K.L.:
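Handing you this structure, nothing more for now.
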Amino acid sequence: MPVTTTSPSPPGLDDLRRQDPEMADVILGEGERQATSLQLIAAENFTSPAVLAALGSPLANKYAEGYPGTRYHGGCELVDVAERIACERATELFGAEHANVQAHSGSSAVLAAYAALLRPGDAVLAMGLAHGGHLTHGSPANFSGRWFDFVGYGVDAESGLIDYDQVRALARKHRPRAIVCGSISYPRHPDYARFRAIADETGAYLIADAAHPMGLIAGGAAPSPVPYADVVCATTHKVLRGPRGGLILCGAALADRIDRAVFPFTQGGAQMHTVAAKAVAFGEAARPDFAAYAHQVVDNARALAAALADEGFVITTGGTDTHLIAADPAALGIDGPAARARLAAAGIVLDTCPLPYGDERGLRLGTAAVTTQGMATAQMAEIASLCTAALREEPGTREEVRNLARRFPPNSG
Ligand SMILES: *Cc1c(COP(=O)(O)O)cnc(C)c1O
């Protein structure tokens with residue numbers, strides 16, 4: 001039976017409507033917005049009703065500092081079961097020795113990985129922010145840039161692909177304590193074996209920040225960093241289609257350090273409703289229909305990238321291996337931020353992203369959410385031409401977008 005996705009009216013909403021119509025209107029309005037526009041934000045997806053049910057469950061009431069069997073609070077017998085199930089499913093799904101499912105978000109997972117492996121002032125080598133690194137990869141506005149000495153690697157100006165010779169040269173020069181691979185806008189697979197070899201050669205830990213592709217990895221549609229990285233950080237809410245949250249995987253030797261870096265070092269009580277929802281999502285992701293979904297996500301991204309290229313967008317790296325596309329609309333006579341605004345006005349919702357070596361920001365698109373809605377490659381061609389129509393501000397485009405979204409309601413399975 002296929003996993004059905006978000007119901008427009010979550011359970012309990014009738015109670016909320018009676019008690020707090022103001023907030024009920026916001027929640028219903030957001031459901032309507034999601035159902036009538038196209039969600040191409042690469043980091044978003046639609047969770048299943050089962051995941052939402054776990055999030056809205058009595059586990060939300062429970063305090064649970066510590067880990068199963070060693071909690072600081074009483075009454076944890078059942079939430080202990082929930083966390084053990086979540087950890088077992090995560091280790092099985094990804095073939096890891098240890099999982100920590102308590103990290104509140106992707107950023108919290110990365111913070112904990114750094115806390116476990118690094119000391120303030122240590123050198124860390126990660127993808128530069130202008131080339132697609134995340135805030136947690138050394139932004140001066142983030143704890144990472146404040147507490148560690150980040151060196152950025154980048155992509156080749158011609159191919160747009162990671163320049164591994166540069167990664168190696170920087171690692172040999174700066175002797176970082178950790179090398180981070182993972183990005184918010186790089187549409188290709190990192191070469192984890194190559195990163196591992198560079199880390200081994202230079203005595204660095206390898207941290208894979210797989211926040212984006214973790215769902216593709218679960219579905220066998222992307223290579224796994226688990227055999228190569230000392231620590232794998234991820235989110236559970238991107239392609240993986242679970243609740244908003246973080247996940248950390250590591251080998252048995254680092255398990256205790258990672259757990260202590262999450263609690264008590266960087267977090268307090270675990271969010272047990274989210275932990276249970278993560279377990280539900282891991283269970284869904286282990287099923288054959290999720291593998292089919294993950295492969296369809298990539299097929300759709302390839303089709304969308306090709307269709308956008310036909311429309312005149314320049315696609316970084318010439319295409320994609322993942323759910324993610326980085327596109328430069330400059331040839332259409334518009335920059336990324338202006339394009340994003342016109343697309344939003346037509347109900348096509350996406351982000352801008354840095355374009356390596358470009359002066360302007362580009363557009364970042366992802367196919368995780370539209371694929372959950374049941375869209376296939378035929379709809380990707382339709383979306384690409386709707387994008388061009390939106391950029392030209394052609395009348396009627398908003399209505400066409402609404403009709404397409406309505407044909408694929410997120411709860412249709
Ligand atoms: C999304 C993302 C994160 C952060 O996840 P949050 O849950 O928003 O904190 C970290 N690293 C990478 C590479 C990401 O894509």
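As the structure is a prediction and not an experimental result, all values here were calculated from the model. Read the numbers this way: they start at 1 and go in the same order the structure lists the ligands and their atoms.
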K.L.:
Show me, by chain and number, every protein residue that has a heavy-atom distance under 4.0 Å to ligand 1.
P.N.:
S105, G106, S107, H134, S183, I184, D209, A211, H212, T235, H237, K238

K.L.:
Answer with yes or no after comparing the ring centroid distance for F195 and Y192 against a 6.0 Å cut-off, counting only values under it.
P.N.:
no

K.L.:
Any Lys/Arg nitrogen of R196 or D230 sitting under 4.0 Å from an Asp/Glu carboxylate oxygen of the other?
P.N.:
yes

K.L.:
Got a salt bridge between E65 and R71, using NZ or NE/NH1/NH2 to carboxylate O under 4.0 Å?
P.N.:
no

K.L.:
Determine, for R168 against E201, whether the closest basic-nitrogen to carboxylate-oxygen distance falls under 4.0 angstrom.
P.N.:
yes

K.L.:
For a ring pair (Phe, Tyr, Trp, His ring centres under 6.0 Å) with H212, tell me which candidate from H323, H134, H189 qualifies.
P.N.:
H323

K.L.:
Which atom pairs, one a donor and one an acceptor, fall under 3.5 Å between side chains of residues 336-356 and the rest of the protein, sequence neighbours left out?
P.N.:
unit_1	atom_1	unit_2	atom_2	d
R342	NH1	L391	O	2.7
D351	OD2	R364	NH2	2.7
T352	OG1	R361	NE	2.9
T352	OG1	R361	NH2	3.4

